[in-house]
Amino acid sequence: MTSVLDDVEAALAAGRPPAPDQWRAVLDTSDLVRIGMLADQARRRRHGTEVTFVRVADVALDEAHTAAWPATAREIRLSGTPASADEAVSVAAALVARAGTVPVTAWSLDDLERLASGTGGLVALAEQLADAGVAAIAEAPVDVLPDPVASLAAVVKGGGSVARATVRHWANRDAVHEILQRVKRMQKATGAIHAFAPLPRAVDARTPSTGYDDAKVVALARLSLDTVPSIQVDWQICGPKLAQVALLFGADDIDGVSPFEDAGLGRRRAPLEELRRNVIAASFSPIERDGRWGIVPV
(Lines give C-alpha, C1' and ligand atoms only; values in the text may rest on other atoms or scores of the structure.)
Protein backbone atom coordinates (compact mmCIF):
# COMPACT_ATOMS: atom_id res chain seq x y z
CA MET A 1 0.00 0.00 0.00
CA THR A 2 1.37 3.41 -0.95
CA SER A 3 1.23 6.38 1.41
CA VAL A 4 -0.32 9.71 0.48
CA LEU A 5 3.19 11.14 0.17
CA ASP A 6 4.07 8.40 -2.32
CA ASP A 7 1.04 9.42 -4.38
CA VAL A 8 1.91 13.10 -4.15
CA GLU A 9 5.53 12.46 -5.13
CA ALA A 10 4.44 10.33 -8.10
CA ALA A 11 2.04 13.03 -9.28
CA LEU A 12 4.68 15.75 -9.01
CA ALA A 13 7.24 13.61 -10.83
CA ALA A 14 4.72 13.06 -13.64
CA GLY A 15 4.09 16.79 -13.91
CA ARG A 16 0.46 16.67 -12.80
CA PRO A 17 -1.08 18.37 -9.76
CA PRO A 18 -2.10 16.14 -6.86
CA ALA A 19 -5.80 16.00 -6.06
CA PRO A 20 -7.21 18.40 -3.41
CA ASP A 21 -7.78 15.58 -0.94
CA GLN A 22 -4.14 14.56 -1.32
CA TRP A 23 -2.99 18.07 -0.39
CA ARG A 24 -5.22 17.95 2.69
CA ALA A 25 -3.70 14.61 3.64
CA VAL A 26 -0.21 16.11 3.34
CA LEU A 27 -1.09 18.67 6.01
CA ASP A 28 -2.42 15.91 8.26
CA THR A 29 0.47 13.48 7.88
CA SER A 30 3.06 13.20 10.64
CA ASP A 31 5.99 12.43 8.31
CA LEU A 32 7.54 15.89 8.57
CA VAL A 33 10.94 14.74 7.28
CA ARG A 34 9.48 13.37 4.04
CA ILE A 35 7.37 16.49 3.48
CA GLY A 36 10.47 18.62 3.98
CA MET A 37 12.47 16.56 1.51
CA LEU A 38 9.81 16.93 -1.20
CA ALA A 39 9.54 20.68 -0.66
CA ASP A 40 13.32 21.10 -0.56
CA GLN A 41 13.62 19.28 -3.86
CA ALA A 42 11.00 21.58 -5.38
CA ARG A 43 12.75 24.75 -4.21
CA ARG A 44 16.20 23.51 -5.32
CA ARG A 45 14.89 22.75 -8.81
CA ARG A 46 13.85 26.40 -9.05
CA HIS A 47 16.50 28.25 -7.02
CA GLY A 48 19.40 25.88 -6.46
CA THR A 49 21.11 26.81 -3.21
CA GLU A 50 20.38 30.56 -3.41
CA VAL A 51 18.38 32.32 -0.71
CA THR A 52 17.53 35.95 -1.33
CA PHE A 53 16.94 38.47 1.45
CA VAL A 54 16.04 42.16 1.69
CA ARG A 55 16.85 44.73 4.37
CA VAL A 56 13.71 46.79 4.98
CA ALA A 57 13.28 50.14 6.70
CA ASP A 58 9.72 50.36 8.03
CA VAL A 59 8.20 53.84 8.02
CA ALA A 60 4.86 54.66 9.64
CA LEU A 61 2.41 56.99 7.93
CA ASP A 62 2.88 59.81 10.45
CA GLU A 63 6.67 59.61 10.12
CA ALA A 64 6.88 59.67 6.32
CA HIS A 65 8.17 63.27 6.26
CA THR A 66 10.66 62.89 9.12
CA ALA A 67 11.84 59.27 9.40
CA ALA A 68 15.49 58.45 8.87
CA TRP A 69 16.97 55.13 7.83
CA PRO A 70 20.48 53.78 7.30
CA ALA A 71 22.08 53.65 3.86
CA THR A 72 22.01 49.85 4.12
CA ALA A 73 18.21 49.77 3.60
CA ARG A 74 17.31 48.21 0.25
CA GLU A 75 13.57 48.82 0.56
CA ILE A 76 11.56 51.53 2.34
CA ARG A 77 8.16 50.18 3.40
CA LEU A 78 5.37 52.64 4.19
CA SER A 79 2.69 51.30 6.52
CA GLY A 80 -0.45 52.53 8.23
CA THR A 81 -4.01 53.31 7.17
CA PRO A 82 -4.41 56.48 5.09
CA ALA A 83 -7.59 58.47 5.63
CA SER A 84 -8.20 58.87 1.90
CA ALA A 85 -6.91 57.85 -1.51
CA ASP A 86 -5.44 61.34 -1.93
CA GLU A 87 -3.48 60.96 1.31
CA ALA A 88 -2.25 57.51 0.25
CA VAL A 89 -0.81 58.99 -2.94
CA SER A 90 0.57 62.23 -1.48
CA VAL A 91 2.31 60.64 1.50
CA ALA A 92 3.80 57.89 -0.68
CA ALA A 93 5.03 60.46 -3.20
CA ALA A 94 6.70 62.46 -0.44
CA LEU A 95 8.50 59.37 0.83
CA VAL A 96 9.59 58.40 -2.69
CA ALA A 97 11.14 61.84 -3.11
CA ARG A 98 13.09 61.38 0.13
CA ALA A 99 14.14 57.80 -0.64
CA GLY A 100 16.12 58.60 -3.76
CA THR A 101 17.04 55.41 -5.59
CA VAL A 102 15.85 53.07 -2.82
CA PRO A 103 12.57 51.36 -3.85
CA VAL A 104 9.50 52.36 -1.83
CA THR A 105 6.65 49.92 -1.24
CA ALA A 106 3.49 51.22 0.35
CA TRP A 107 0.22 50.27 1.99
CA SER A 108 -1.88 47.12 2.07
CA LEU A 109 -4.14 46.24 -0.85
CA ASP A 110 -7.23 45.76 1.30
CA ASP A 111 -6.95 49.31 2.66
CA LEU A 112 -6.41 50.75 -0.81
CA GLU A 113 -9.42 48.91 -2.18
CA ARG A 114 -11.57 50.34 0.59
CA LEU A 115 -10.30 53.85 -0.05
CA ALA A 116 -10.92 53.44 -3.77
CA SER A 117 -14.48 52.22 -3.15
CA GLY A 118 -13.95 48.85 -4.78
CA THR A 119 -11.97 47.43 -7.65
CA GLY A 120 -13.33 49.95 -10.16
CA GLY A 121 -11.58 52.87 -8.49
CA LEU A 122 -8.59 50.71 -7.58
CA VAL A 123 -7.32 50.79 -11.16
CA ALA A 124 -6.98 54.58 -11.05
CA LEU A 125 -5.46 54.54 -7.55
CA ALA A 126 -2.88 51.92 -8.57
CA GLU A 127 -1.99 54.07 -11.56
CA GLN A 128 -1.57 57.16 -9.37
CA LEU A 129 0.71 55.30 -6.96
CA ALA A 130 2.81 53.96 -9.82
CA ASP A 131 3.07 57.46 -11.33
CA ALA A 132 4.18 58.72 -7.90
CA GLY A 133 7.13 56.32 -8.07
CA VAL A 134 5.90 53.62 -5.69
CA ALA A 135 7.70 50.40 -6.65
CA ALA A 136 4.86 48.15 -5.44
CA ILE A 137 1.94 47.91 -3.05
CA ALA A 138 3.52 46.40 0.05
CA GLU A 139 1.20 43.43 0.51
CA ALA A 140 -1.97 41.71 -0.66
CA PRO A 141 -3.56 39.81 2.26
CA VAL A 142 -5.37 37.07 0.36
CA ASP A 143 -7.48 35.96 3.32
CA VAL A 144 -9.17 39.34 3.87
CA LEU A 145 -9.65 40.61 0.31
CA PRO A 146 -13.27 39.98 -0.78
CA ASP A 147 -12.16 39.07 -4.32
CA PRO A 148 -8.38 38.79 -4.40
CA VAL A 149 -8.28 37.88 -8.10
CA ALA A 150 -10.21 41.01 -9.09
CA SER A 151 -8.17 43.18 -6.73
CA LEU A 152 -4.82 42.06 -8.10
CA ALA A 153 -6.09 42.31 -11.68
CA ALA A 154 -7.11 45.92 -11.01
CA VAL A 155 -3.64 46.76 -9.70
CA VAL A 156 -2.01 45.22 -12.76
CA LYS A 157 -4.41 47.04 -15.08
CA GLY A 158 -3.40 50.29 -13.41
CA GLY A 159 0.25 49.57 -14.12
CA GLY A 160 1.07 48.72 -10.53
CA SER A 161 2.38 45.64 -8.78
CA VAL A 162 2.24 43.95 -5.38
CA ALA A 163 5.40 43.14 -3.44
CA ARG A 164 4.03 39.95 -1.95
CA ALA A 165 0.86 38.04 -1.21
CA THR A 166 0.39 37.47 2.51
CA VAL A 167 -1.91 35.88 5.08
CA ARG A 168 -3.26 37.75 8.10
CA HIS A 169 -4.71 34.74 9.95
CA TRP A 170 -5.15 31.01 9.47
CA ALA A 171 -8.66 30.36 10.76
CA ASN A 172 -8.23 26.57 10.71
CA ARG A 173 -6.63 23.83 8.66
CA ASP A 174 -9.31 23.93 5.97
CA ALA A 175 -8.48 27.62 5.50
CA VAL A 176 -4.93 26.68 4.50
CA HIS A 177 -6.14 24.89 1.40
CA GLU A 178 -8.68 27.57 0.50
CA ILE A 179 -6.05 30.33 0.73
CA LEU A 180 -3.54 28.37 -1.31
CA GLN A 181 -6.21 27.93 -3.97
CA ARG A 182 -6.86 31.69 -3.91
CA VAL A 183 -3.17 32.37 -4.51
CA LYS A 184 -3.15 29.86 -7.34
CA ARG A 185 -6.16 31.56 -8.97
CA MET A 186 -4.59 35.01 -8.53
CA GLN A 187 -1.42 33.85 -10.22
CA LYS A 188 -3.27 32.10 -13.05
CA ALA A 189 -5.29 35.24 -13.78
CA THR A 190 -2.48 37.78 -13.55
CA GLY A 191 0.94 36.13 -13.37
CA ALA A 192 1.79 39.03 -11.04
CA ILE A 193 2.70 37.24 -7.79
CA HIS A 194 6.45 36.99 -7.33
CA ALA A 195 6.40 35.98 -3.66
CA PHE A 196 3.91 34.42 -1.27
CA ALA A 197 4.43 34.52 2.50
CA PRO A 198 2.30 31.65 3.86
CA LEU A 199 2.86 32.16 7.58
CA PRO A 200 0.35 34.52 9.26
CA ARG A 201 1.25 38.13 10.00
CA ALA A 202 -0.70 37.97 13.26
CA VAL A 203 -1.00 35.07 15.71
CA ASP A 204 -4.05 34.35 17.84
CA ALA A 205 -2.70 33.92 21.38
CA ARG A 206 -5.57 31.56 22.16
CA THR A 207 -4.66 29.13 19.37
CA PRO A 208 -1.03 29.73 18.39
CA SER A 209 0.50 27.61 15.68
CA THR A 210 3.48 25.39 16.37
CA GLY A 211 6.78 25.24 14.53
CA TYR A 212 5.73 21.77 13.37
CA ASP A 213 2.58 23.14 11.71
CA ASP A 214 4.38 26.19 10.33
CA ALA A 215 6.99 24.03 8.61
CA LYS A 216 4.28 21.93 6.96
CA VAL A 217 2.43 25.04 5.74
CA VAL A 218 5.62 26.41 4.16
CA ALA A 219 6.28 23.04 2.50
CA LEU A 220 2.71 22.76 1.22
CA ALA A 221 2.91 26.27 -0.23
CA ARG A 222 6.10 25.41 -2.13
CA LEU A 223 4.75 22.10 -3.39
CA SER A 224 1.31 23.31 -4.44
CA LEU A 225 2.15 26.76 -5.85
CA ASP A 226 4.39 25.69 -8.69
CA THR A 227 3.73 28.91 -10.67
CA VAL A 228 4.74 31.27 -7.83
CA PRO A 229 8.49 31.94 -8.02
CA SER A 230 9.27 32.53 -4.34
CA ILE A 231 8.01 31.33 -0.97
CA GLN A 232 8.89 33.92 1.63
CA VAL A 233 9.33 34.13 5.39
CA ASP A 234 9.67 37.24 7.51
CA TRP A 235 12.86 37.43 9.58
CA GLN A 236 11.35 39.68 12.26
CA ILE A 237 8.03 37.88 12.59
CA CYS A 238 9.38 34.32 12.46
CA GLY A 239 12.69 34.88 14.19
CA PRO A 240 16.03 33.41 13.09
CA LYS A 241 15.32 29.81 14.13
CA LEU A 242 11.96 29.33 12.40
CA ALA A 243 13.19 31.26 9.35
CA GLN A 244 16.16 28.90 9.12
CA VAL A 245 13.92 25.83 9.38
CA ALA A 246 11.57 27.27 6.75
CA LEU A 247 14.46 27.34 4.27
CA LEU A 248 14.72 23.56 4.61
CA PHE A 249 10.97 23.25 3.93
CA GLY A 250 10.79 25.17 0.66
CA ALA A 251 11.23 28.87 1.46
CA ASP A 252 13.78 30.75 -0.63
CA ASP A 253 13.34 34.43 0.28
CA ILE A 254 13.70 36.22 3.63
CA ASP A 255 11.81 39.47 4.09
CA GLY A 256 12.02 42.08 6.82
CA VAL A 257 15.72 41.95 7.69
CA SER A 258 16.69 45.00 9.75
CA PRO A 259 18.99 47.51 8.01
CA PHE A 260 20.29 48.68 11.39
CA GLU A 261 23.64 47.10 12.17
CA ASP A 262 23.51 47.37 15.96
CA ALA A 263 26.41 45.26 17.18
CA GLY A 264 25.83 46.09 20.83
CA LEU A 265 25.57 42.38 21.64
CA GLY A 266 28.65 41.57 19.54
CA ARG A 267 29.34 41.38 15.81
CA ARG A 268 27.93 37.87 15.53
CA ARG A 269 24.54 39.12 16.77
CA ALA A 270 24.32 42.01 14.29
CA PRO A 271 21.32 41.40 11.97
CA LEU A 272 23.18 40.91 8.69
CA GLU A 273 25.85 38.69 10.20
CA GLU A 274 23.26 36.59 12.05
CA LEU A 275 21.20 36.12 8.89
CA ARG A 276 24.16 35.10 6.78
CA ARG A 277 25.36 32.69 9.45
CA ASN A 278 21.94 31.03 9.67
CA VAL A 279 21.54 30.73 5.90
CA ILE A 280 25.02 29.28 5.40
CA ALA A 281 24.53 26.86 8.30
CA ALA A 282 21.48 25.51 6.44
CA SER A 283 23.75 24.88 3.40
CA PHE A 284 22.42 27.76 1.31
CA SER A 285 24.00 30.87 -0.21
CA PRO A 286 22.63 34.25 0.94
CA ILE A 287 22.03 36.75 -1.87
CA GLU A 288 20.95 40.31 -1.06
CA ARG A 289 18.22 41.90 -3.18
CA ASP A 290 16.31 45.16 -3.20
CA GLY A 291 12.61 46.02 -3.16
CA ARG A 292 12.37 45.51 -6.92
CA TRP A 293 13.99 42.07 -6.74
CA GLY A 294 17.22 43.40 -8.20
CA ILE A 295 20.36 41.71 -6.90
CA VAL A 296 22.57 43.97 -4.78
CA PRO A 297 26.23 43.78 -5.84
CA VAL A 298 28.55 42.43 -3.18
Side-chain angles (χ1 to χ4, degrees), residues 52-54 56 58-60 75-82 88 103-114 122 126 129 134-156 160-172 175-187 189-204 208-209 213-222 224-225 227-239 242-243 246-247 249-257 289 291-293:
T52 50
F53 68 93
V54 59
V56 180
D58 291 300
V59 175
E75 177 183 338
I76 312 299
R77 186 170 298 163
L78 181 58
S79 62
T81 306
V104 171
T105 61
W107 316 129
S108 181
L109 184 52
D110 58 319
D111 288 331
L112 294 179
E113 184 171 79
R114 176 180 51 79
L122 186 57
L129 288 169
V134 173
I137 295 169
E139 65 169 326
V142 298
D143 57 321
V144 299
L145 288 165
D147 187 343
V149 174
S151 299
L152 184 56
V155 171
V156 173
S161 62
V162 172
R164 65 206 190 284
T166 61
V167 178
R168 292 274 174 82
H169 304 278
W170 290 117
N172 50 50
V176 173
H177 303 284
E178 170 57 28
I179 290 172
L180 290 177
Q181 287 304 307
R182 288 186 187 186
V183 176
K184 188 180 285 288
R185 290 193 293 269
M186 292 167 72
Q187 185 71 334
T190 67
I193 298 177
H194 190 99
F196 173 53
L199 298 183
R201 317 300 291 175
V203 177
D204 187 340
S209 63
D213 288 332
D214 289 340
K216 286 199 287 186
V217 167
V218 171
L220 191 59
R222 179 64 287 164
S224 63
L225 299 176
T227 59
V228 174
S230 288
I231 301 300
Q232 185 184 86
V233 290
D234 189 291
W235 184 255
Q236 294 186 45
I237 292 175
C238 295
L242 179 55
L247 298 179
F249 282 79
D252 63 272
D253 184 71
I254 300 176
D255 183 48
V257 179
R289 66 170 179 86
R292 291 190 177 90
W293 291 86

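Along the sequence shown, the residues carry numbers beginning at 1. Bear in mind the structure is a predicted one, so any value in this text is a computation, not a measurement. Side chains included, hydrogens not; waters and symmetry mates left out as well; all remaining heavy atoms used.
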What's the separation between atom [atom1] in [X] and atom [atom2] in [Y], rounded to the nearest 0.5 Å?
| X | Y | atom1 | atom2 | answer |
| --- | --- | --- | --- | --- |
| Asp252 | Phe53 | CG | CZ | 13.5 Å |
| Leu109 | Ile137 | CG | CD1 | 5.0 Å |
| Leu199 | Ile237 | CG | CD1 | 9.0 Å |

Minimal non-hydrogen separation, [X] against [Y], with atom names:
| X | Y | value |
| --- | --- | --- |
| Ala165 | Val142 | CB-CG1, 4.0 Å |
| Ala138 | Arg77 | CB-CG, 4.1 Å |
| Gln232 | Ala195 | NE2-CB, 4.0 Å |
| Leu122 | Ser151 | CD2-O, 3.6 Å |
| Ala136 | Ala163 | CB-N, 3.6 Å |
| Pro103 | Arg292 | CG-NH1, 3.3 Å |

Within the 4.5 Å heavy-atom criterion, are [X] and [Y] side-chain neighbours or not?
| X | Y | answer |
| --- | --- | --- |
| Lys184 | Gln187 | no |
| Pro148 | Glu113 | no |
| His194 | Ser161 | no |
| Leu112 | Leu129 | yes |
| Val54 | Asp255 | yes |
| Ile193 | Val162 | no |
| Ile254 | Leu247 | yes |
| Asp110 | Arg168 | yes |

From CA spacing to verdict: salt bridge (Lys or Arg N to Asp or Glu O under 4.0 Å), Asp253, Arg164: CA-CA 11 Å; Asp253 184 71; Arg164 65 206 190 284; over 6 Å; no
Trace of the side chain to side chain contact (heavy atoms under 4.5 Å, CB included) decision for His177 with Leu220: CA-CA 9 Å; His177 303 284; Leu220 191 59; 3.8 Å; yes
Distance-only donor-acceptor check, side chains Ser108 and Arg201, under 3.5 Å: no
Test item: side-chain donor near acceptor, Thr166 and Glu139, under 3.5 Å: yes
Side-chain donor or acceptor of Thr190 paired with backbone N/O of Val149 under 3.5 Å: no
Test item: Asp111 side-chain N/O and Thr81 main-chain N/O as donor-acceptor pair under 3.5 Å: no
Check against side chain to side chain contact (heavy atoms under 4.5 Å, CB included), Asp213 and Trp170: CA-CA 11 Å; Asp213 288 332; Trp170 290 117; over 6 Å; no
Chi angles and distances behind the side chain to side chain contact (heavy atoms under 4.5 Å, CB included) call for Leu180, Phe196: CA-CA 10 Å; Leu180 290 177; Phe196 173 53; 3.6 Å; yes
Side chain to side chain contact (heavy atoms under 4.5 Å, CB included) evaluation trace for Val218 with Ile231: CA-CA 8 Å; Val218 171; Ile231 301 300; 4.2 Å; yes
